[in-house]
Amino acid sequence: MSLSSRRSLATLKKMCGTENFQNIALATTMWDTVDPKTGEQRERELKVNLEFWAQMVKEGATVFRHDRKEKSAKEIVMSLLPKKSVVLDIQAEMSSNDGVIGKTTAGSDVKKFLEDRQTEYAERIFDLRTQMAELQVERDLERDEAERTKAQLKRDMEKMAEDVQLLMTKVDTLVKSARVQEPTKRHPKFMNKLLDLLTRMERKGKSTKAG
């Protein structure tokens, strides 16, 4: 039996009252969808389990097998006709509470259930909104971080371009100065300085990439 069915059953018990269970007819259905052994096992569980029908059966409620045909439906109705009229607990409670169903035992139970569900749904909505806000903050942070990274890369590239231009200028200066020196003297000194500049350029490029 589902949770909603058990809740409805508990409300029925409070509406009727224990002394009126003898006027209740309980019916099982859908026998044509299960094999007889399984159906009988489920019916027995309903009858003996206190969460289900056991208390009502003990107090006089009658159990029927309804095959969804007219004959079995009439059988259930005819079993109730001879029974004496009774005053249900909910009727008596409403009479003494100005007809306010919310002040009855069954009504209070239903009211509490609805209030609990309302609180539960409100908490769910709050949690969802909180999660949405947190996700938005994360997206904003990620966007800001991406913008900062992009800006830093741009600065690094600009700095690298400036360094390369500066080094190229120095190389050009060395080349020009070497041309005015004597051929026998300029070559070793010029090559050493040129190699030094090229090495610095290579190191600068590697440090920029690592950064």
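One-based numbering along the sequence shown.
- Remark: the backbone N or O of Gly99 is not paired with any side-chain donor or acceptor of Asn97 at under 3.5 angstrom.
- The closest side-chain heavy-atom distance from Glu115 to Lys111 is below 4.5 Å.
- A donor-acceptor pair under 3.5 Å is formed between the side chain of Thr130 and the backbone N or O of Phe126.
- The CZ atom of Arg155 sits 4.0 Å away from atom CD of Gln152, with the distance rounded to the nearest 0.5 Å.
- Among all heavy-atom pairs drawn from Gly107 and Thr104, the shortest one is N-OG1, 2.9 Å.
- Side-chain contact between Met132 and Leu135: absent, with no pair of heavy atoms (C-beta onward) separated by less than 4.5 Å.
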Going through the checks in order, is the side-chain hydrogen bond (donor to acceptor under 3.5 Å, both in side chains) test met by Gln136 and Asp140?
-> CA-CA 6 Å; Gln136 184 61 50; Asp140 291 343; 3.1 Å; yes
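- Atoms CG and CD, from Leu9 and Gln55 in turn, are 9.5 Å apart once rounded to the nearest 0.5 Å.
- With a 6.0 Å radius and a threshold of 12 heavy atoms from other residues, nucleotides or ligands, Arg139 has its CZ atom above the threshold.
- Under the 4.5 Å side-chain heavy-atom criterion for Ile, Leu, Val, Met, Phe, Trp and Tyr, Ile101 and Leu88 are members of the same hydrophobic cluster.
- No more than 12 heavy atoms of other residues, nucleotides or ligands sit less than 6.0 Å from atom NZ of Lys58.
- We find that Arg44 and Glu40 are not joined by a salt bridge, their nearest charged nitrogen and carboxylate oxygen being 4.0 Å or further apart.
- Contact between Ala92 and Val87 at its shortest, heavy atoms only, is N-CG1, 4.1 Å.
- A donor-acceptor pair under 3.5 Å is absent between the side-chain atoms of Asp67 and the main chain of Asp32, judged by distance alone.
- Atom CZ of Arg148 is separated from atom CZ of Arg143 by 11.0 Å, given to the nearest 0.5 angstrom.
- Within the model, atoms CD of Glu93 and CE of Met15 stand 10.5 Å from one another, a figure rounded to the nearest 0.5 Å.
- With Met56 as the fixed residue, the side chain to side chain contact (heavy atoms under 4.5 Å, CB included) test singles out one of Lys47, Gln22, Lys13: Lys13.
- Val110 and Leu12 fall into different hydrophobic clusters, where Ile, Leu, Val, Met, Phe, Trp and Tyr side chains are chained together by heavy-atom contacts under 4.5 Å.
- A salt bridge does not link Asp109 with Lys112: every distance from a Lys NZ or Arg NE/NH1/NH2 to an Asp or Glu carboxylate oxygen is 4.0 Å or more.
- The shortest non-hydrogen separation linking Trp31 to Pro36 is CZ3-O, 4.3 Å.
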Does Asp89 form a side chain to side chain contact (heavy atoms under 4.5 Å, CB included) with Asn20? I'd like the steps, not just the answer.
CA-CA 8 Å; Asp89 278 11; Asn20 297 320; 4.3 Å; yes
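- Distance CZ/Arg42 to CE/Met30: 9.0 Å, rounded to 0.5 Å.
- A 6.0 Å sphere centred on CD of Gln118 holds no more than 12 heavy atoms belonging to other residues, nucleotides or ligands.
- The closest donor-acceptor contact from the side chain of Asn49 to the backbone of Ala54 lies at 3.5 Å or more, if one exists at all.
- Two residues are said to be in side-chain contact when any heavy atoms from C-beta on lie closer than 4.5 Å; Trp53 and Thr28 meet this criterion.
- The structure places CZ of Arg124 at 12.0 Å from OG1 of Thr119, a figure rounded to the nearest 0.5 Å.
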Test log, rule salt bridge (Lys or Arg N to Asp or Glu O under 4.0 Å), inputs Glu147 and Lys150: CA-CA 5 Å; Glu147 291 295 332; Lys150 181 180 178 181; 5.2 Å; no
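- Within 6.0 Å of the CD atom in Glu70, the count of heavy atoms belonging to other residues, nucleotides or ligands does not exceed 12.
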>> Could you go through Ser72 and His66, starting from their C-alpha distance and side-chain angles, then the distance that decides it, and tell me whether this counts as side-chain hydrogen bond (donor to acceptor under 3.5 Å, both in side chains)?
In response: CA-CA 5 Å; Ser72 66; His66 180 34; 2.6 Å; yes
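- Under the 4.5 Å side-chain contact rule for hydrophobic residues, Ile24 and Val63 share a cluster.
- Hydrophobic cluster membership is shared by Val86 and Met94, with clusters built from Ile, Leu, Val, Met, Phe, Trp and Tyr side chains linked at under 4.5 angstrom.
- Residues Phe21 and Phe52 share a single hydrophobic cluster, defined by chaining ILVMFWY side chains whose heavy atoms lie under 4.5 Å apart.
- Residue Gln41 places its CD atom among 12 or fewer non-hydrogen atoms of other residues, nucleotides or ligands, all under 6.0 Å distant.
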